[in-house]
Undergrad: 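Here it is, the structure, as structure tokens.
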Amino acid sequence: MEVRYKSTRNAEVSVTASEAVLQGLSEDGGLFVPEFIPKLDVTLESLVGKTYQEIAYEVMKLFLSDYTEEELKHCIANAYDEKFDTKEIAPLKDVDGAHYLELFHGPTIAFKDMALSILPHLLTAAAKKQNKKEKIVILTATSGDTGKAALAGFADVPGTGIIVFYPKDGVSRIQEKQMVTQTGDNTDVVAIHGNFDDAQNGVKEIFGDKALAARMKERGYQFSSANSINIGRLVPQVVYYVYAYVTLVAQGKLAVGEPMNVVVPTGNFGNILAAYYAKQMGVPVKKLICASNENKVLYDFFRTGVYDRNREFVLTSSPSMDILISSNLERLIYACAGEDAKKNAALMASLKETGRYEITDEMKERMADFVGGYATQEQTAKVIRDVYEKTGYVMDTHTAVAAKVFYQYKEETNDETVTVIASTASPYKFTRSVMEAVEGCAEDDDFVLVDRLSEISGVPVPKAIEEIRNAPVRHTLECDKDNMQKTVIKILGLK
Ligand SMILES: *Cc1c(COP(=O)(O)O)cnc(C)c1O
């Protein structure tokens, strides 16, 4: 059955999957959501032993129903190939009572690769389908990992260009170096003087500017988004929760039908929403445990039903989760508001105007699958050190937020359900914070720390890190947070 997409803010909108992928965001500012979540049309048993790519096809074909089998298989084959350093694509590691789903084996060593290695293929296939001749310009705000993964995904892809905005002082040094050394004639990287929310708001404003869109069209350009609001990013993320479940069955850790819990270190709420979709497809997921860092807006929301971004923004050791406006939460709000676009739009308007909204008790009940937790930076560092000392396994700061929340949840509830922790980045991406946690020291040179990390963990330095060790800086543009649109106009030569 065909799945069409509607807007979370306007009940009139209905587009195909490829249109939703190409457009990114609905014109009314809403997010595209599937009209219904399709159920897996094969049994979980039958997926045991299948490859990541095969499972990806079984899941994605249900959501992206206007792509042909050939198109979709082509996208999948080109995304999940030797760019990943393991055939498993997303291996599961059994460490100290939890199963770490390592989502960082792609080209930029963060979980964003799981979706951003396929998005360019989904986008160009969509453009072809719709006979679009315009060059697709990807605009992306990043808290560090999306930017690099999107740059790597789109670099030199014909018919596309990409402009990435990142908060100047809001990313790790390695993240910044990864971005500013990006090759590819169609790539631009801009540091903004502001935080991630500023970058994200700026991009949303540019997308919403109709006059600019008209000017772009005249010049043969069209904007699209690589941010996690794009359905073309969300859908590929559903795959690895199905894959994780099937892998646990294959390993004899779960009997088919037995539930698992998932713990997800959360920022923009895309990754955990994908787990929620996997559950609705028929994967036996019990609790969706949403782990926040000190920017614990989601933890407070799940506890109280009040979403309130009016608080101090904290720069933490898990910068990819330093977010106060979790864009993808809107999809959950919409679902729990009974798919009422008006109700959702009113809440989002309140968020925009006052920085807060409150949901009804009924809506809150519909979110009972979710549990919120959070970890401070001290707790995060301690978990990294404790798990390393106990097992030799070194995890990154984002994963450690989830690990801490997992231990807390288990202690509070005695819930013994088999648990998958989404491991969202390689420790090499956040070497400084990780090594401070493990050894309590802070060498000055990041690459000295990289070599030391390799020594203590026994894990070879990933290619993504070796590549940037001596790479020249290619991008030096900076701008004020209020000048993002001007910068885009300049880059595209629209004046
Ligand atoms: C983006 C990111 C997250 C947050 O994921 P969301 O889908 O935005 O919730 C967590 N960890 C890392 C390493 C990330 O790059």
Side-chain angles (χ1 to χ4, degrees), residues 31 100-116 119 140-152 164 166-167 170-172 174-175 178-179 196-197 199-200 225-231 233-238 240-241 262-278 288-293 295-299 301-302 316-332 370 372-375 380 384 395-405 421-431 433-434 464:
L31 274 54
Y100 288 80
L101 179 63
E102 293 188 348
L103 302 172
F104 55 77
H105 289 272
T108 75
I109 60 175
F111 98 98
K112 304 293 195 292
D113 288 326
M114 302 304 294
L116 281 163
L119 182 69
T140 289
T142 184
S143 54
D145 292 332
T146 293
K148 178 61 187 184
L151 287 161
V164 167
Y166 73 92
V171 300
S172 84
I174 294 212
Q175 284 179 313
Q178 277 189 306
M179 287 190 280
F196 170 70
D197 287 321
Q200 181 157 262
S225 159
N227 273 106
S228 63
I229 47 175
N230 193 314
I231 201 80
R233 270 190 64 184
L234 198 51
V235 169
Q237 294 180 174
V238 178
Y240 48 74
Y241 290 106
V262 297
V263 190
V264 184
T266 298
N268 231 346
F269 209 75
N271 200 356
I272 195 165
L273 188 73
Y276 181 60
Y277 282 7
L288 297 143
I289 301 165
C290 174
S292 298
N293 65 23
N295 296 292
K296 58 182 180 54
V297 100
L298 288 166
Y299 167 77
F301 171 68
F302 284 118
T316 72
S317 56
S318 45
S320 301
M321 295 156 64
D322 290 345
I323 291 174
L324 293 180
I325 301 179
S326 297
S327 299
N328 274 295
L329 184 67
E330 179 168 348
R331 290 188 164 111
L332 179 67
F370 288 86
Y374 79 98
T380 305
I384 295 174
M395 69 181 91
D396 101 288
T397 45
H398 302 73
T399 308
V401 168
K404 176 65 192 175
V405 167
I421 296 178
S423 178
T424 50
S426 157
Y428 283 100
K429 196 145 192 176
F430 302 95
T431 310
S433 300
V434 168

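Fair warning: this is a prediction, and the values are worked out from it, not measured in the lab. First listed ligand is number 1; within each ligand, the first listed atom is number 1. These values consider heavy atoms only, across backbone and side chains, with no hydrogens, waters or symmetry-generated copies.
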Undergrad: With a 6.0 Å cut-off on ring centres, are Phe301 and Phe269 close enough?
TA: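 No.
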Undergrad: May I ask you to decide if Ser317's main-chain N or O and Thr397's side chain share a donor-acceptor pair within less than 3.5 Å?
TA: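 A pair under 3.5 Å: yes.
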Undergrad: Examine His398 together with Phe430 and report whether their ring centres are nearer than 6.0 Å.
TA: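 Ring centres of Phe430 and His398 closer than 6.0 Å.
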Undergrad: Please verify the inter-ring angle class for Phe111 with Tyr240; under 30° counts as parallel, over 60° as perpendicular, anything in between as tilted.
TA: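 Ring orientation of Phe111 relative to Tyr240: perpendicular.
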Undergrad: Not counting sequence neighbours, which residues clear side-chain contact (heavy atoms from CB on, under 4.5 Å) with Pro167? List them please.
TA: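 Partners of Pro167 under the side-chain contact (heavy atoms from CB on, under 4.5 Å) test: Val171, Phe196.
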Undergrad: Under 3.5 Å, is there a donor-acceptor pair between the Asn268 and Asn328 side chains?
TA: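 Judged by distance alone, the side chains do not pair up.
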Undergrad: Are any protein N/O atoms closer than 3.5 Å to the N/O atoms of ligand 1? If there are, list each pair with names and the distance to one decimal place.
TA:
| from | atom 1 | to | atom 2 | distance (Å) |
| --- | --- | --- | --- | --- |
| ligand 1 | 7 (O) | Gly270 | N | 3.2 |
| ligand 1 | 7 (O) | Asn271 | N | 2.9 |
| ligand 1 | 8 (O) | Asn268 | N | 2.7 |
| ligand 1 | 9 (O) | Gly267 | N | 2.7 |
| ligand 1 | 9 (O) | Asn268 | N | 3.2 |
| ligand 1 | 9 (O) | Phe269 | N | 3.0 |
| ligand 1 | 11 (N) | Thr424 | OG1 | 2.8 |
| ligand 1 | 15 (O) | Lys112 | NZ | 2.6 |
| ligand 1 | 15 (O) | Asp145 | OD2 | 2.4 |

